[in-house]
Amino acid sequence: MIKITFPDGAIREYEAGVSALEIAKSISEGLARKVLAAKVNNEVWDATRTITTDATLNLLTWDDTDGKSTFWHSSAHLMAEAVEALYPGVKFWVGPAIDRGFYYDMDLGDRKLSEADLEAIEKKMAELAKQQNTYLRKEISKSEAIQYFTEKGDEYKLDLLQNLEDGNITFYSQGNFTDLCRGPHIPTTAPIKAIKLTNVAGAYWKGDEKNKQLTRVYGITFPNQKELDEYLALLEEAKKRDHRKLAKELSLYIFDDDTGSGLPLWMPNGAIIVEELEKLAKETEEDAGYKRVVTPHIAKESMYLTSGHLPYYKDSMFPPMEMDGERYYLKAMNCPHHHKIFDAEPRSYRDLPFRIAEYGTCYRYEQSGELFGLMRVRMLHMNDGHLYCSKEQFFEEFKAVNEMYLKYFKIFGIDKYVMRLSLHAPEKLGQKYVNEPELWLETEAMVRQVLIDTGTPFIEVPDEAAFYGPKIDVQIYSVIGREFTLATNQVDFSSGKRFNLSFTNKNNEPETPLIIHRAPLGTHERFIGFLLEHYAGKFPVWLSPLQVKILPISDKFLPYAQQVEAALKAHRVRVAIDDRSEKIGKKIREAELSRVPYMLVVGEKDMNEGNVSVRRQGQGDVGAMPIASFVQQIVTEIKERSS
RNA sequence: GCCGUUGUAGCUCAGUGGUAGAGCACUUCCUUGGUAAGGAAGAGGUCGAGAGUUCAAUUCUCUUCAACGGCUCCA
């Protein structure tokens, strides 16, 4: 007999060789039907695998993350079975579960998959699932495995086998399909009831663009149709929040073929948001002791050689222009220009920390396939700033920058993000990273301490640092699930030396400053793209391109509407009158749909009483008040940047 | 850059080997109406661009540009 410990601490005895599924059955048939996999001694196992020693057991169902991913991984195998049945000779690479569903990479030879093919595969999968085939696990020796795939002529699985140790190799089979797989899998194909193959894409073998491109099919499955329908509905909802769609509806920016891809043309509405953001940043930075600078859009090749950017990032820069025998590049970053400003005058420790900021437009040649609405563009306003300080000052300065981030996030109500502490990889010192082992450890420790001190939750990621130092990135997700770095705060102990920067310290000796690169609002393009999705297009009043729309009941009240308009304009409130000869219902409907935060209905009653009837977007009628009260209220709201 | 899909009116989308249609938006007229669509008329497109096949191409083929979904990349 063996002792099985359940999550609630209960211990029960079973015959050795019992499976999790059998244990579930001993509890209830209903539970057994729901079991997809099991966590045995904290390791995810097949529910059908026999347990021979004392163990802790956690039965996994659809409600568990591990249950879901097992379900999806098994679905990937089911898809592979369907694909093999439809297109014999196909070779498979890997087919993991992902956050939402699964994919399988395959080599289909010359065959191309279309939408119609996906439907055919779906149909076949449903047919195979109904056979309720069991997922069978088989331990196999390496030589047998090699023989199997050599006979099959499958170089991909043979490649996988190379890195596996004998005695640790398993095959899984269901129906007519056998795959090299670590598992685990669900007991049978029966629970895979609702299937949707979402898209087909190319994916480089082993993720290396030098390798052959395989066909990747993405899909998702559910234990019932209802959940699939709900999932698809959720995707539709997300699409409505997509910043690209919202920006079009709000006339914020356009991309134009003649201008070039990735080069946004900010229209008046969008420009207002850019400027409001910059106004916030300027005020915040002024309070934090920054000075503003302005630098050119281009610079000579020599500066980017000094900075080290050219050898490393040439591919990401627009090609140079030649003039008078000199090569000039469009700037892809502001840092070198700022370093030159630091270097322009002799600096003493009394001048430090030296903080400068600029929202310079930078140009980066992002690969065409990488462009993504406003989130990834070729012209971007960096919310850039550089701090030059001594080692002693570094901690406080870095901390202040971090606090600035948190202040911004509070204003915007941003709470779904991940702070990522990006560290170096010691084995890559001198190659990917500046060879300063001690400085790395020292600054990494300081950066970590800043996060701890400010109580900021974070994750640590090795081998993600900049070449010149560790950094903190703020990661966010677009509504369609893509991850982006929103903001970044970086330590740089390399550029100071590269640019020969120095200040005179207290001992009258030259000393190289540490540099902090910071962009708490990232780029204004990406930040606005993010805000659009964050607010679902309903900007807070201070950011809204149009803040108030006045809706006269009829033409008769236009003069009064203009009087209200003038009162608001006197306080620089962005206001417009809907002067069309339309009924009030239509004006309201269109104003609501345009997402203007305040609507003022004005008619005879209001005119006689000197009032405006206020309507808040999404909330409806909130009652009448005197013009002056409304002006006072909205001016305060704008000033406080309340959301 | 690579794989795949898509490009028709300002927007959302139908459609066809014989030079195009709807709804919304727009313009004009009627209507002057108190909290989410009043009515009528009108205007608007070299069917992404270039080439080929054809008597004839928006439609078929090729090239190219762009967007979209991924991959790779992301200072």
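Being a predicted model, the structure only gives us computed values, none of them experimental. In what follows, chains carry the letters A, B, and so on, assigned in the order in which the sequence lines appear, proteins first and then strands, with residues in each chain numbered from 1.
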A.B. asks: Validate the cation-pi geometry between Arg616(A) and Tyr598(A): distance from NZ or CZ to the six-membered ring centre under 6.0 Å, angle to the ring axis within 45°.
C.D. replies: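 Verdict for Tyr598(A): a cation-pi partner in Arg616(A).
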
A.B. asks: Looking across every strand, which nucleic acid part, if any, lies under 4.0 Å from Leu593(A) by heavy atom: base, sugar-phosphate, or nothing?
C.D. replies: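 Base, at least one base atom sits under 4.0 Å.
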
A.B. asks: What is the nucleic acid contact for Gly207(A), judged by heavy atoms within less than 4.0 Å: base, sugar-phosphate only, or nothing?
C.D. replies: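 Sugar-phosphate, no base atom in range.
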
A.B. asks: Indicate, with a heavy-atom threshold strictly under 4.0 Å, whether Ser613(A) touches base, sugar-phosphate, or nothing.
C.D. replies: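 Since a base atom lies under 4.0 Å of Ser613(A), the category is base.
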
A.B. asks: Work out how far the C1' atom of U58(B) is from that of A43(B), and round it to whole angstrom.
C.D. replies: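 Pairwise C1' distance, U58(B) against A43(B), rounds to 22 Å.
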
A.B. asks: Quick one: label Gly469(A) by what it contacts on the DNA or RNA (base, sugar-phosphate, nothing), any heavy atom closer than 4.0 Å.
C.D. replies: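 Nothing, no nucleic acid heavy atom in range.
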
A.B. asks: What nucleotide, of G70(B), A75(B), A36(B), holds the atom closest to the side chain of Ala332(A)?
C.D. replies: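 Within the option list, the nearest is A75(B).
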
A.B. asks: Given A75(B), U35(B), A25(B), which nucleotide is nearest the side-chain atoms of Glu590(A)?
C.D. replies: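 Closest nucleotide among those given: A25(B).
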
A.B. asks: Strictly by Watson-Crick or wobble contacts shorter than 3.5 Å, is anything paired with G50(B), and which nucleotide is it?
C.D. replies: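 Per the H-bond distance test, C62(B).
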
A.B. asks: Leu551(A) CG to G34(B) C1': how many Å, rounded?
C.D. replies: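 Rounded to the whole Å, the gap is 11 Å.
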
A.B. asks: Check whether any side-chain nitrogen or oxygen of Tyr313(A) sits under 4.0 Å from OP1 or OP2 of C73(B), and answer yes or no.
C.D. replies: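 Answer is no, no contact under 4.0 Å.
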
A.B. asks: I want to confirm an ordering. Mapping Phe557(A) and Met317(A) to their closest nucleotides on RNA chain B, which one lands closer to the 5' end?
C.D. replies: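 So the residue in question is Phe557(A).
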
A.B. asks: Ignoring hydrogens and geometry, is there a side-chain-to-backbone donor-acceptor pair from Ser261(A) to Asp257(A) under 3.5 Å?
C.D. replies: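 It does not hold such a pair.
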
A.B. asks: What's the closest nucleotide to the Asp555(A) side chain, out of U32(B), A75(B), U35(B)?
C.D. replies: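 Shortest atom-to-atom distance from the side chain points to U32(B).
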
A.B. asks: Please confirm whether Tyr359(A) and His524(A) have ring centers closer than 6.0 angstrom.
C.D. replies: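 Yes.
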
A.B. asks: Using a distance-only criterion (donor-acceptor N/O pair, under 3.5 Å, no hydrogens), is the base of C26(B) paired with the side chain of Arg580(A)?
C.D. replies: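 Result: no qualifying N/O pair found.
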
A.B. asks: Taking only the side-chain nitrogens and oxygens of Ser581(A), find out if one of them lies under 4.0 Å from OP1 or OP2 of U31(B).
C.D. replies: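 False: Ser581(A) side-chain N/O out of range (4.0 Å or more) of U31(B) OP1/OP2.
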
A.B. asks: For the ring pair Phe342(A) and Tyr388(A), is the centre-to-centre distance below 6.0 Å?
C.D. replies: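 Between Tyr388(A) and Phe342(A), which both carry aromatic rings, the centre distance is below 6.0 Å.
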
A.B. asks: Can you tell which of G69(B), A36(B), A75(B) lies closest to the side chain of Ala201(A)?
C.D. replies: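 The answer is G69(B), which lies nearest to the side chain.
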
A.B. asks: Determine the Euclidean distance between corresponding C1' atoms of U46(B) and A20(B); express it in Å to zero decimal places.
C.D. replies: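 To the nearest whole Å, 13 Å.
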
A.B. asks: Atom CG of Leu380(A) and atom P of A75(B): how far apart are they, to the nearest Å?
C.D. replies: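 Leu380(A) atom CG is separated from A75(B) atom P by 12 Å.
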
A.B. asks: Rounding to an integer number of angstrom, what distance separates U16(B) and U8(B) when you compare their P atoms?
C.D. replies: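 Roughly 16 Å separates the two P atoms.
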
A.B. asks: Let me know the distance between CD1 of Ile220(A) and P of G70(B), rounded to the nearest Å.
C.D. replies: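 Interatomic distance, CD1 of Ile220(A) to P of G70(B): 13 Å.
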
A.B. asks: Under 3.5 Å for both donor-acceptor distances, Watson-Crick or wobble: does C73(B) have a partner, and if so which one?
C.D. replies: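 Base-paired to nothing in any strand shown.
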
A.B. asks: Using OP1 and OP2 only, check whether a side-chain N or O of Arg216(A) sits under 4.0 Å from G4(B).
C.D. replies: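 For G4(B), neither OP1 nor OP2 has a side-chain N or O of Arg216(A) closer than 4.0 Å.
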
A.B. asks: G34(B) pairs with which nucleotide, Watson-Crick or G-U wobble, both distances below 3.5 Å?
C.D. replies: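 Per the H-bond distance test, none.
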
A.B. asks: Can you say whether a donor on the side chain of Asn199(A) sits under 3.5 Å from an acceptor on the base of G4(B), or the other way round?
C.D. replies: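 Per atom types, no contact qualifies.
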
A.B. asks: Taking atom C1' of G34(B) as reference, at what distance in whole Å does atom CG of Leu600(A) sit?
C.D. replies: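 About 14 Å, once rounded to whole Å.
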
A.B. asks: With distance as the sole criterion, do the side chain of Gln367(A) and the base of C73(B) form a donor-acceptor contact below 3.5 Å?
C.D. replies: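 For Gln367(A), whose side chain was compared with the base of C73(B), there is no donor-acceptor pair (under 3.5 Å).
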
A.B. asks: Let's go through Ser251(A) and Asn269(A) carefully: what are the C-alpha distance in whole Å and the side-chain angles of both, what is the deciding distance for side-chain hydrogen bond (donor to acceptor under 3.5 Å, both in side chains) to 0.1 Å, and is it a yes or a no?
C.D. replies: CA-CA 6 Å; Ser251(A) 298; Asn269(A) 283 351; 4.9 Å; no

A.B. asks: Examine A66(B): is either OP1 or OP2 under 4.0 Å from a nitrogen or oxygen in the side chain of Ser261(A)? Give yes or no.
C.D. replies: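 It does, given that an N or O in the side chain of Ser261(A) lies less than 4.0 Å from OP1 or OP2 of A66(B).
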
A.B. asks: Ignoring hydrogens and geometry beyond distance, is the side chain of Tyr204(A) in donor-acceptor contact with the base of G1(B) at under 3.5 Å?
C.D. replies: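 Result: at least one qualifying N/O pair found.
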
A.B. asks: Would you tabulate the nitrogen or oxygen pairs shorter than 3.5 Å linking the protein to nucleotides 7-13 of chain B?
C.D. replies:
none

A.B. asks: Look through every strand shown and name the nucleotide pairing with U16(B) as Watson-Crick or G-U wobble, where both distances are under 3.5 Å.
C.D. replies: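 Its partner is none (no Watson-Crick or G-U wobble pair with both distances under 3.5 Å).
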
A.B. asks: Rounding to an integer number of Å, can you tell me how far Ile553(A) CD1 sits from U31(B) P?
C.D. replies: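 To the nearest whole Å, that distance equals 19 Å.
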
A.B. asks: Nearest to the side chain of Arg364(A), heavy atoms from C-beta on, is which of A75(B), G34(B), A37(B)?
C.D. replies: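 Between A75(B), G34(B), A37(B), the one nearest the side chain of Arg364(A) would be A75(B).
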
A.B. asks: Could you check whether Arg378(A) and Tyr363(A), counting side-chain N and O atoms only, form a donor-acceptor pair closer than 3.5 Å?
C.D. replies: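 No donor-acceptor contact under 3.5 Å links the two side chains.
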
A.B. asks: Classify the nucleic acid contact of Asp208(A) as base, sugar-phosphate or nothing, counting any heavy atom under 4.0 Å across all strands shown.
C.D. replies: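 Answer is nothing: Asp208(A) stays at 4.0 Å or more from every strand.
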
A.B. asks: Mind checking if Tyr218(A) touches a base, just sugar-phosphate, or nothing, with heavy atoms under 4.0 Å?
C.D. replies: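 Sugar-phosphate: the residue Tyr218(A), judged by heavy atoms under 4.0 Å, touches backbone atoms but no base.
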
A.B. asks: OP1, OP2 of A25(B) versus side-chain N and O of Lys586(A): anything below 4.0 Å?
C.D. replies: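 Looking at the OP1 and OP2 atoms of A25(B), one of them is under 4.0 Å from a side-chain N or O of Lys586(A).
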
A.B. asks: Under the 3.5 angstrom rule, does the side chain of Lys91(A) hit a backbone N or O of Leu108(A) as a donor-acceptor pair?
C.D. replies: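 Answer holds: no.
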
A.B. asks: Using both distances under 3.5 Å as the test, list the Watson-Crick or G-U wobble partner of U27(B), or none.
C.D. replies: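 Paired with U27(B), as far as the under-3.5 Å criterion goes, is A41(B).
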
A.B. asks: Who is the Watson-Crick or G-U wobble partner of C68(B), with both distances under 3.5 Å?
C.D. replies: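 Partner of C68(B): G4(B).
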
A.B. asks: On RNA chain B, nearest-nucleotide positions of Asp606(A) versus Tyr363(A): which is more 5'?
C.D. replies: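 Result of the comparison: Asp606(A).
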
A.B. asks: Just call it for Gly585(A): base, sugar-phosphate, or nothing, with non-hydrogen atoms closer than 4.0 Å on any strand.
C.D. replies: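 Sugar-phosphate contact only - Gly585(A) comes under 4.0 Å of backbone atoms but never of a base.
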
A.B. asks: Could you work out which one of G34(B), G38(B), A75(B) sits closest to the side chain of Lys583(A)?
C.D. replies: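 Given the options G34(B), G38(B), A75(B), the side chain of Lys583(A) is closest to G38(B).
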
A.B. asks: Could you check whether Thr215(A) and Asp107(A), counting side-chain N and O atoms only, form a donor-acceptor pair closer than 3.5 Å?
C.D. replies: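 No.
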
A.B. asks: I'd like the C1' distance from G7(B) over to C47(B), given in whole Å.
C.D. replies: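 So the two C1' atoms sit 10 Å from each other.
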
A.B. asks: Check step by step if side-chain hydrogen bond (donor to acceptor under 3.5 Å, both in side chains) holds for Thr295(A) and Glu358(A).
C.D. replies: CA-CA 8 Å; Thr295(A) 66; Glu358(A) 172 183 20; 2.9 Å; yes

A.B. asks: Between C1' on G70(B) and CD on Gln213(A), what's the gap in Å once rounded to a whole number?
C.D. replies: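 It works out to 9 Å between those atoms.
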
A.B. asks: Nearest of G38(B), U35(B), A36(B) to any side-chain atom of Glu582(A)?
C.D. replies: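 When the side chain of Glu582(A) is considered, G38(B) is the closest of G38(B), U35(B), A36(B).
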
A.B. asks: Rounded to whole Å, how long is the line connecting atom CG of Asp579(A) with atom P of U28(B)?
C.D. replies: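 Checked: the CG to P distance equals 11 Å.
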
A.B. asks: Could you check, using the six-membered ring where one of them is a Trp, whether Phe222(A) and Tyr231(A) have ring centers closer than 6.0 angstrom?
C.D. replies: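 Close enough - the centres of the two rings lie under 6.0 Å apart.
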
A.B. asks: Just so I know, are the side chains of Val293(A) and His338(A) near enough to count as touching, which here means a heavy-atom distance under 4.5 Å?
C.D. replies: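 Yes, at least one pair of side-chain atoms sits under 4.5 Å.
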
A.B. asks: With a 4.0 Å limit, can you tell me whether Arg244(A) has a side-chain N or O closer than that to the phosphate oxygens OP1/OP2 of C68(B)?
C.D. replies: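 For Arg244(A), the contact criterion (side-chain N or O under 4.0 Å from OP1 or OP2 of C68(B)) is met.
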
A.B. asks: Please tell me if the side chains of Pro336(A) and His309(A) come closer than 4.5 Å, counting only heavy atoms from C-beta onward.
C.D. replies: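 Yes, side chains in contact.
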
A.B. asks: His386(A) NE2 to A75(B) C1': how many Å, rounded?
C.D. replies: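 Nearest whole value for this atom pair: 10 Å.
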
A.B. asks: When all nucleic acid strands are considered with a 4.0 Å heavy-atom cut-off, which category describes Phe255(A): base, sugar-phosphate, or nothing?
C.D. replies: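 If one applies the 4.0 Å heavy-atom cut-off, Phe255(A) turns out to touch nothing in the nucleic acid.
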
